[in-house]
Each structure stands twice: as structure tokens, then as C-alpha cells.
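Report on the following structure.
All of these numbers come straight from a predicted model, not from anything done at the bench.
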Amino acid sequence: QVQLVESGGGLVQPGGSLRLSCAASGFTFSNYGMSWYRQHFGKARELVAAISTTGGITNYADSVRGRFTISRDNAKNTVYLQMNSLKPEDAAVYFCKGRFSRTSYWGQGTQVTVSS
């Protein structure tokens, strides 16, 4: 059974940090490019960051570049998103996604709230 389970979301003050994790199971994690998306209420899901199978290539949305870092641990079947200097506009539901060829898997999402 394929699962992607996000964790680490919560409430943080502006300027604070959170680390999201996404634990994968049921598929060969190291074969899949991984990414983080977020969805603001009432808006379309948007790509935040992506990482290649080995972790050697990463890409970021302009809005988070320099503040967020995506990484992965293939031995633990987990992808991470370190979020620093959080802003109120970063508040959203964050989803992880795994993709290999035409196959994609999504997690259920974790809520991030940025508020004082």
C-alpha cells in the first residue's frame, strides 16, 4: 500500500522556522523525484520545491528561494522541507508528492499557520 505521510506542520510566529517531513512507504522511494506543494485556501496547489532522486538537483519557487531547503534521506524513505524566516503568506496546507515517469503519489497534507 502506497503511503506518503506528512508531519511537522503547526503554528509558528512570523520569522520562525518549521521542518516538515514526508515519510514514504509502499514504493521504491529512491526512484522517485520528490516535491513539496502548498495550497492556500481557495487557490490552486503550487509547487514549492523539488528534489531529484539522489538529491543532487533541487529547485525552488521564487517566493521561497533562500528561505526553504528541500532534502531527502533515501535510507529513511523521507523527504524534508526546512522552512525558515516564515511569513504570513507561507501559511497553507503543504503536500508532498512523489513522481516517477507517469506515476504520481500525493500525501494528505499538513497545515502550516504563520501568525503572531
Side-chain angles (χ1 to χ4, degrees):
Q1 180 184 0
V2 171
Q3 279 193 310
L4 288 172
V5 180
E6 300 97 335
S7 60
L11 172 64
V12 64
Q13 292 186 342
S17 298
L18 281 176
R19 189 195 195 202
L20 305 183
S21 299
C22 173
S25 60
F27 63 97
T28 306
F29 179 76
S30 58
N31 286 348
Y32 282 67
M34 299 299 297
S35 52
W36 287 95
Y37 284 72
R38 66 187 181 189
Q39 188 168 21
H40 296 97
F41 182 76
K43 296 192 176 181
R45 205 168 289 188
E46 62 178 6
L47 178 65
V48 174
I51 189 167
S52 61
T53 54
T54 62
I57 299 172
T58 56
N59 289 296
Y60 297 92
D62 289 343
S63 59
V64 307
R65 187 175 290 112
R67 300 188 297 121
F68 290 12
T69 303
I70 188 171
S71 61
R72 65 189 296 163
D73 185 339
N74 286 347
K76 295 183 178 180
N77 288 353
T78 302
V79 61
Y80 305 97
L81 186 67
Q82 178 67 43
M83 306 187 295
N84 298 329
S85 303
L86 282 160
K87 304 175 181 180
E89 52 264 42
D90 294 318
V93 179
Y94 284 73
F95 299 86
C96 68
K97 174 186 173 182
R99 183 173 179 271
F100 173 66
S101 186
R102 297 179 181 180
T103 301
S104 293
Y105 302 122
W106 289 90
Q108 83 289 346
T110 185
Q111 177 73 51
V112 171
T113 303
V114 184
S115 174
S116 55

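Looking only at distances, a side-chain donor or acceptor of Tyr60 sits under 3.5 Å from a matching main-chain atom of Ile70. The backbone N or O of Cys96 lies less than 3.5 Å from a partner atom in the side chain of Glu6, making a donor-acceptor pair. Side chain of Gln39 to backbone of Ala92: no donor-acceptor contact under 3.5 angstrom is found. Gln13 places no side-chain N or O within 3.5 Å of a backbone atom of Ser116 that could act as its donor or acceptor partner. Arg72 contributes a side-chain N or O that, together with a main-chain N or O of Ser52, makes up a donor-acceptor pair within less than 3.5 Å.
Of all heavy-atom pairs spanning Phe29 and Asp73, the tightest one is CE2-O, 4.0 Å. The minimum heavy-atom distance linking Ser30 with Asn74 is given by the pair CB-ND2, 3.7 Å. For the residue pair Asn59 and Ile57, the shortest heavy atom distance occurs at ND2-CG2, 4.2 Å. Leu4 and Ala24 get closest at one heavy-atom pair: CD2-CB, 3.4 Å. Between Tyr32 and Tyr105 the shortest heavy-atom distance is OH-CE1, 3.5 Å. Contact record, Val79 with Ser71: CG2-O, 3.1 Å, taken as the closest heavy-atom pair.
Ring geometry, Trp106 versus Phe95: the interplanar angle exceeds 60°, so the pair is classed perpendicular (tilted spans 30 to 60°).
A salt bridge links Asp62 with Arg65: at least one charged nitrogen is closer than 4.0 Å to a carboxylate oxygen.
Transitive grouping of hydrophobic side chains (ILVMFWY, heavy atoms separated by less than 4.5 Å) keeps Trp36 and Val5 in distinct clusters. Grouping the Ile, Leu, Val, Met, Phe, Trp and Tyr side chains by contacts below 4.5 angstrom, directly or via other members, places Tyr80 apart from Phe68. The hydrophobic cluster containing Leu18 also contains Val48, counting ILVMFWY residues as joined when their side-chain heavy atoms lie under 4.5 angstrom apart, directly or transitively.
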(message) Run Ser115 and Leu11 through side chain to side chain contact (heavy atoms under 4.5 Å, CB included) and show every step you take.
(response) CA-CA 7 Å; Ser115 174; Leu11 172 64; 4.2 Å; yes
(request) Kindly indicate, with the supporting measurements, whether the criterion ring-ring contact (aromatic ring centres under 6.0 Å, His included) is fulfilled by Phe100 and Phe27. (result) CA-CA 10 Å; Phe100 173 66; Phe27 63 97; 9.9 Å; no
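Using a 4.5 Å cut-off on side-chain heavy atoms (C-beta onward), Arg99 and Ser35 make no contact. Two residues are said to be in side-chain contact when any heavy atoms from C-beta on lie closer than 4.5 Å; Pro14 and Val114 meet this criterion. Residues Val12 and Ser17 form no side-chain contact, since every pair of their non-hydrogen atoms from C-beta on lies 4.5 Å or further apart. Residues Val112 and Leu20 form a side-chain contact, since some pair of their non-hydrogen atoms from C-beta on lies under 4.5 Å apart.
Taken to the nearest 0.5 Å, the CG atom of Asp90 stands 11.5 Å off from the OG1 atom of Thr113.
With sequence neighbours excluded, the residues satisfying side chain to side chain donor-acceptor pair (under 3.5 Å) with Tyr94 are Arg38.
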